[in-house]
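What you see below is based on every heavy atom in this structure, not just the backbone, and it leaves out hydrogens, waters and symmetry mates. Values in this document were obtained by computation on a predicted structure and should not be read as measured data.
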Amino acid sequence: MDDSDSINASRTDDNDFRDLVEEVFDEYIVNEIPIRLIHISNDDQGLNFKLVDRNFVKEHFKSVPDKIYREFCNERLVDRESRIRERMKETFKYAIFSHRWLFSEPSYQDMPTEPMKVQAELEPKWKKLQEFCRKAKVDHGCEFAWSDTCCIDKTRSAELDESIRSMFRWYRNSHICIVHLSGTEDLAALERQQRGGTKIDVWFTRGWTLQELLAPSQIKFYGTNWQPLVPLYDSKSDRVSDTIMRKIEKITNIPLRDLKSFSPGTNRVPEKMLWASKRRTTRVEDIAYCLIGIFDVSLMIAYGEGNRAFFRLMEEIMKRYDKWDVFLW
């Protein structure tokens with residue numbers, strides 16, 4: 001091979017790598033982040049937010065593929081695509097919310113598509129969302145955030161279906177999961193719940209919050225007044241804090257190893273079902289749908305089917321789990 005052939009081959013490899021970065025960029029936005037996000041910004045008057053879609057996110061981060069290409073183009077990567085995906089996740093930082101729904105919450109239809117300042121003291125239903133966005137931006141450096149109350153258009157069945165089936169992945173891909181324990185003032189209050197000295201926070205009794213506890217790689221717990229239960233200077237993520245995780249282990253009966261690092265799948269079915277058995281959902285079907293990600297199975301969403309949803313979930317699990325103890329919980 002002469003010098004000109006070598007140069008042409010190098011150019012081809014270079015173009016192929018550039019194309020790969022662009023493809024992974026497009027695929028990551030379409031498949032790995034929520035359909036809609038809250039974009040958080042600041043001005044002289046304070047915090048603003050608006051609802052945006054994936055096209056906005058793509059335009060906002062349009063310089064990222066070129067930056068990643070320049071970062072890796074001279075490196076010999078064993079698994080280039082996986083490394084590119086890791087960088088994408090580090091770049092597309094969004095905070096995700098876990099909380100107990102109140103009677104009145106902002107809905108998708110309430111959300112602005114232009115930057116809006118919310119006067120939470122005048123409209124109480126916005127206060128929780130405003131505090132979440134503030135913690136996402138100030139405490140964790142995220143300019144994007146997601147909340148299940150207002151980032152899903154629940155009037156569109158296809159969007160609702162995709163959101164429910166993707167939710168475990170969206171929580172896992174988040175930069176931080178912010179948990180608001182509305183019934184827990186501080187770490188001492190959590191300690192009393194652990195010892196049975198007081199009623200446990202309702203967050204620990206809901207079906208959907210099980211996957212919201214286990215799925216995120218990083219999680220931070222805030223109390224009633226939006227103060228972190230473990231100070232931020234001790235840890236940005238409570239996954240690494242034995243102080244709080246051992247208390248949650250006692251409250252939920254979920255082993256510390258799973259609270260530290262959970263792997264979804266159809267192994268240990270009775271144990272995982274036991275974790276969920278004392279939790280409740282408002283819609284009867286949701287007790288099945290909220291476990292899709294825990295067991296890493298696929299299930300069509302069909303509200304109105306009632307208890308049939310749980311039977312279908314068990315059918316999917318039993319296709320992969322053939323031990324006799326499947327119902328021993």
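The salt bridge (charged side-chain N to carboxylate O under 4.0 Å, His left out) analysis of residues 291-306, with sequence neighbours excluded, yields the pairs E305-R312. Applying the salt bridge (charged side-chain N to carboxylate O under 4.0 Å, His left out) test to pairs two or more places apart or on separate chains, those with a residue in residues 168-178 are E32-R169. Note on residues 238-247: pairs passing salt bridge (charged side-chain N to carboxylate O under 4.0 Å, His left out), not counting sequence neighbours, are E191-K247, K220-D238, D242-K260.
Under the rule for a ring-ring contact (aromatic ring centres under 6.0 Å, His included), F311 has no partner lying at least two apart in sequence or in another chain. In this structure, the side chain to side chain donor-acceptor pair (under 3.5 Å) partners of T149, at least two apart in sequence or on a different chain, are S147. In this structure, the side-chain contact (heavy atoms from CB on, under 4.5 Å) partners of E162, at least two apart in sequence or on a different chain, are I35, R54, S166. Under the side-chain contact (heavy atoms from CB on, under 4.5 Å) criterion, N253 pairs with no residue, sequence neighbours left out. Residues forming a side-chain contact (heavy atoms from CB on, under 4.5 Å) with P65 (at least two apart in sequence, or on another chain): V21, E22, F25. With sequence neighbours excluded, the residues satisfying side chain to side chain donor-acceptor pair (under 3.5 Å) with R87 are E71, E90. Legend: residues meeting side-chain contact (heavy atoms from CB on, under 4.5 Å) with R100, ordered by chain and number and at least two apart, are V202, R206. Listed by chain and residue number, nothing satisfies the salt bridge (charged side-chain N to carboxylate O under 4.0 Å, His left out) test with R280 (two or more places apart in sequence, or in another chain). Looking at residues two or more places apart in sequence or on another chain, you find no ring-ring contact (aromatic ring centres under 6.0 Å, His included) involving W275.
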Point to revise | Steps toward side chain to side chain donor-acceptor pair (under 3.5 Å) verdict (H140, Q218) | key: CA-CA 11 Å; H140 302 284; Q218 299 191 95; over 6 Å; no
**Prompt:** Stepwise, does the side chain to side chain donor-acceptor pair (under 3.5 Å) test hold for W126 with D110?
**Reply:** CA-CA 10 Å; W126 291 96; D110 293 326; over 6 Å; no
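The line from CG of N173 to CE of M88 is 13.0 Å long, rounded to the nearest 0.5 Å.
Taking 4.5 Å as the limit, some side-chain heavy atom of S163 sits within range of a side-chain heavy atom of E159.
Taking the six-membered ring for Trp and thresholds of 30 and 60 degrees, Y222 and W226 have ring planes inclined between 30 and 60 degrees apart.
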